[in-house]
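Here is the structure we will look at.
Please read all numbers here as calculations on a predicted model, not as lab measurements. Here is the naming used below: chain letters follow the sequence lines, and residue numbers restart at 1 for every chain.
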2 protein chains.
Amino acid sequence: MNNLVQIKRLQRYRMALLRLKNMGLKKTFSHSLSEETGVSPVLIRKDFSQFGIRGKRRGGYDIDSLLDELKLLFGREKEQNVVLVGLGNIGAALVKYEGYRQSNMNMVAVFDIDPVKRTRRYSVPVYSLESLREVVNAFDVSVAILAVPEFSAQETAHYLVENGISGILNFAPVLLKLPGHVLVNNINIMIELERLMYHIGVRTKPI
Amino acid sequence: MNNLVQIKRLQRYRMALLRLKNMGLKKTFSHSLSEETGVSPVLIRKDFSQFGIRGKRRGGYDIDSLLDELKLLFGREKEQNVVLVGLGNIGAALVKYEGYRQSNMNMVAVFDIDPVKRTRRYSVPVYSLESLREVVNAFDVSVAILAVPEFSAQETAHYLVENGISGILNFAPVLLKLPGHVLVNNINIMIELERLMYHIGVRTKPI
DNA sequence: ATTAATATGTGAAATTAGTAACAAATTAAT
DNA sequence: ATTAATTTGTTACTAATTTCACATATTAAT
């Protein structure tokens, strides 16, 4: 029952709860969470219920215990190391991003084939892809962010997997063909923008 | 029946078809498209069928005509102008991105409240948010990319809408509360990374 | 020409996801 | 203490999505 959509929602609850906690709140209700997440109150209760998370019949849910329960689901206790591959526009943005710690993650290295880009200095070292295996072994990395151009995405992904990566967050607009044990999560910014345009366009289409 | 998930799939078909066309292919089959997109062949045929796109009972689908049909669905003929708000890490990546044209879009301006950032020079001008309305009117902009920090996202989004924006591609990890006519599409990179971690973790969890 | 092979197209069945309705518990009010 | 109000938790129902099964068209082979 570890459903995909359900996991997505639980993530959203978790984010919303962190916000609410930040605002100083101690408890919340399915309908307040609904406001924060856009998910219907019943579905929220059902999700919680199915994951064994229980509230009080009139007191709602205690934010801290909710977050604890969700941490059990999502939080590996050990900090997880990730690597970034590709120092293009997106790659450069992601290496400068500072919020990994907040999600209990740590970016340990960046890789790029371009020697010029490797001279750049960030808070994490930049290597040639030849050093990948070494880094993967040294830091026990299993997840990589792939931010290389479309034309080299498949090949690079394959190389990552050969060197011990088993999860890829892929920014290239291609379906990566990889062994079945590898998990891929795709982010395609242009496609999201296009769809937004489409829906706007449809709505405002001349009669 | 202009369903959301269906539109998402049609977009994926379109991308795959563009790739196949680029590779010099003239026709394709539901099962080949399935390989490229990860969608089952039946579902592909059904999607096409429901949108009035028809193939030949043994000859498969003609890539060019398929793309034409999809263009009718997705392609506004007029190039669509977009603006970008926020010149942080992601914003800087998006302003440097060169592929908008390819999707028949055009980034006409960037906005940031930080005067220092406004001194940077890109291929598009950087303005203070005060100029937003002017730009929106001059370039007939209805869609904005919102790449500001979480704490100012809601407020900024509201301001965008007040000044004529009706579609937002939101990178901030909050559910924007906006009037019903406004369309929002969210991209949350950390949440995608976390989910990848979660699924990897679940799979490799000690027994 | 006939037969075999291959792909599409589609109604029915199965699966999955989400909503509605309401009982049970808890708190607040009188 | 009793009653009323509120909120969770769950079962039954409804809706949406996907797959299955197979008829139908088209091409290729003999």
Side-chain angles (χ1 to χ4, degrees), chain A residues 1-14 16-17 20 25-70 73 175 180 195 198-199 202, chain B residues 1-14 16-17 20 25-70 73 175 186 195 198-199 202:
Chain A
M1 180 49 98
N2 261 18
N3 203 316
L4 244 130
V5 282
Q6 210 171 18
I7 294 294
K8 283 192 189 183
R9 284 199 300 266
L10 287 168
Q11 285 189 288
R12 283 159 74 179
Y13 305 154
R14 183 156 160 275
L17 287 166
L20 294 176
L25 293 179
K26 293 289 174 215
K27 63 179 189 174
T28 189
F29 306 94
S30 56
H31 66 87
S32 336
L33 264 179
S34 175
E35 290 226 327
E36 291 297 314
T37 58
V39 181
S40 81
V42 210
L43 195 44
I44 292 178
R45 296 201 296 272
K46 206 167 192 180
D47 283 338
F48 284 164
S49 167
Q50 275 172 32
F51 276 85
I53 298 172
R54 310 190 70 79
K56 272 194 178 171
R57 285 268 164 148
R58 171 156 175 188
Y61 298 89
D62 179 68
I63 291 184
D64 277 327
S65 15
L66 257 180
L67 280 170
D68 283 349
E69 302 260 24
L70 289 172
L73 272 174
L175 182 78
R195 195 166 62 250
Y198 167 76
H199 288 296
V202 164
Chain B
M1 180 49 100
N2 260 18
N3 202 316
L4 245 127
V5 281
Q6 210 170 18
I7 295 294
K8 282 193 190 181
R9 284 198 301 266
L10 287 168
Q11 284 188 290
R12 284 160 73 180
Y13 305 154
R14 184 158 159 273
L17 287 165
L20 294 176
L25 294 177
K26 293 290 174 212
K27 64 179 189 173
T28 188
F29 305 95
S30 58
H31 66 88
S32 337
L33 264 178
S34 175
E35 292 226 326
E36 292 297 315
T37 59
V39 181
S40 80
V42 209
L43 195 43
I44 292 178
R45 295 201 296 271
K46 209 159 202 179
D47 281 339
F48 284 165
S49 165
Q50 274 172 31
F51 276 85
I53 298 172
R54 308 192 70 79
K56 273 195 178 170
R57 285 267 165 146
R58 170 155 176 194
Y61 298 88
D62 179 69
I63 291 184
D64 277 327
S65 15
L66 257 180
L67 281 169
D68 283 349
E69 302 258 25
L70 288 173
L73 273 174
L175 183 78
N186 297 290
R195 196 167 60 251
Y198 167 75
H199 287 296
V202 165

Measure from [atom1] on [X] to [atom2] on [N] and round the result to the nearest Å.
X: Ile44(B); N: dA7(C); atom1: CD1; atom2: C1'; answer: 13 Å
X: Leu4(B); N: dT17(D); atom1: CG; atom2: P; answer: 9 Å
X: Phe29(A); N: dT26(C); atom1: CZ; atom2: P; answer: 15 Å
X: Asn3(A); N: dT18(D); atom1: CG; atom2: C1'; answer: 14 Å
X: Gln50(A); N: dG9(D); atom1: CD; atom2: P; answer: 12 Å
X: Leu43(B); N: dA13(C); atom1: CG; atom2: P; answer: 19 Å
X: Tyr13(B); N: dT8(C); atom1: OH; atom2: P; answer: 12 Å
X: Phe51(B); N: dG9(C); atom1: CZ; atom2: P; answer: 15 Å

Would one find a side-chain N or O of [X] under 4.0 angstrom from OP1 or OP2 of [N]?
X: Arg45(B); N: dC20(D); answer: no
X: Arg9(A); N: dG18(C); answer: yes
X: Ser40(B); N: dT18(D); answer: no
X: Ser49(A); N: dT10(D); answer: yes

Might you point out which heavy atoms bring [X] and [Y] nearest each other, and give the distance in Å?
X: Ala16(A); Y: Thr37(A); answer: CB-CG2, 3.7 Å
X: Leu17(A); Y: Ile63(A); answer: O-CG2, 4.0 Å
X: Leu175(A); Y: Glu36(B); answer: CB-O, 3.1 Å

Evaluation steps, side-chain contact (heavy atoms from CB on, under 4.5 Å), between Arg14(B) and Leu67(B): CA-CA 7 Å; Arg14(B) 184 158 159 273; Leu67(B) 281 169; 4.1 Å; yes
Quick one, Asp47(B) with Gln6(B), criterion side-chain contact (heavy atoms from CB on, under 4.5 Å). Give me CA distance, side-chain angles, the key distance, then yes/no. CA-CA 7 Å; Asp47(B) 281 339; Gln6(B) 210 170 18; 3.1 Å; yes
Between N or O atoms, less than 3.5 Å apart, protein on one side and nucleotides 25-29 of chain D on the other: list the pairs.
| residue | atom | partner | partner atom | Å |
| --- | --- | --- | --- | --- |
| dT27(D) | O2 | Arg58(B) | NH1 | 2.5 |

With heavy-atom distances below 4.5 Å as the criterion, would you say the side chains of Leu73(B) and Ile7(B) are in contact? no
Start at the 5' end of DNA chain D and walk down; is the nucleotide closest to Lys46(A) or to Tyr61(A) reached first? Tyr61(A)
Checking all strands, does Phe48(B) fall into the base, sugar-phosphate, or nothing category for heavy-atom contacts under 4.0 angstrom? nothing
Say whether, by atom type as modelled, one donor and one acceptor occur between the side chain of Ser49(A) and the main chain of Arg45(A) under 3.5 angstrom. no
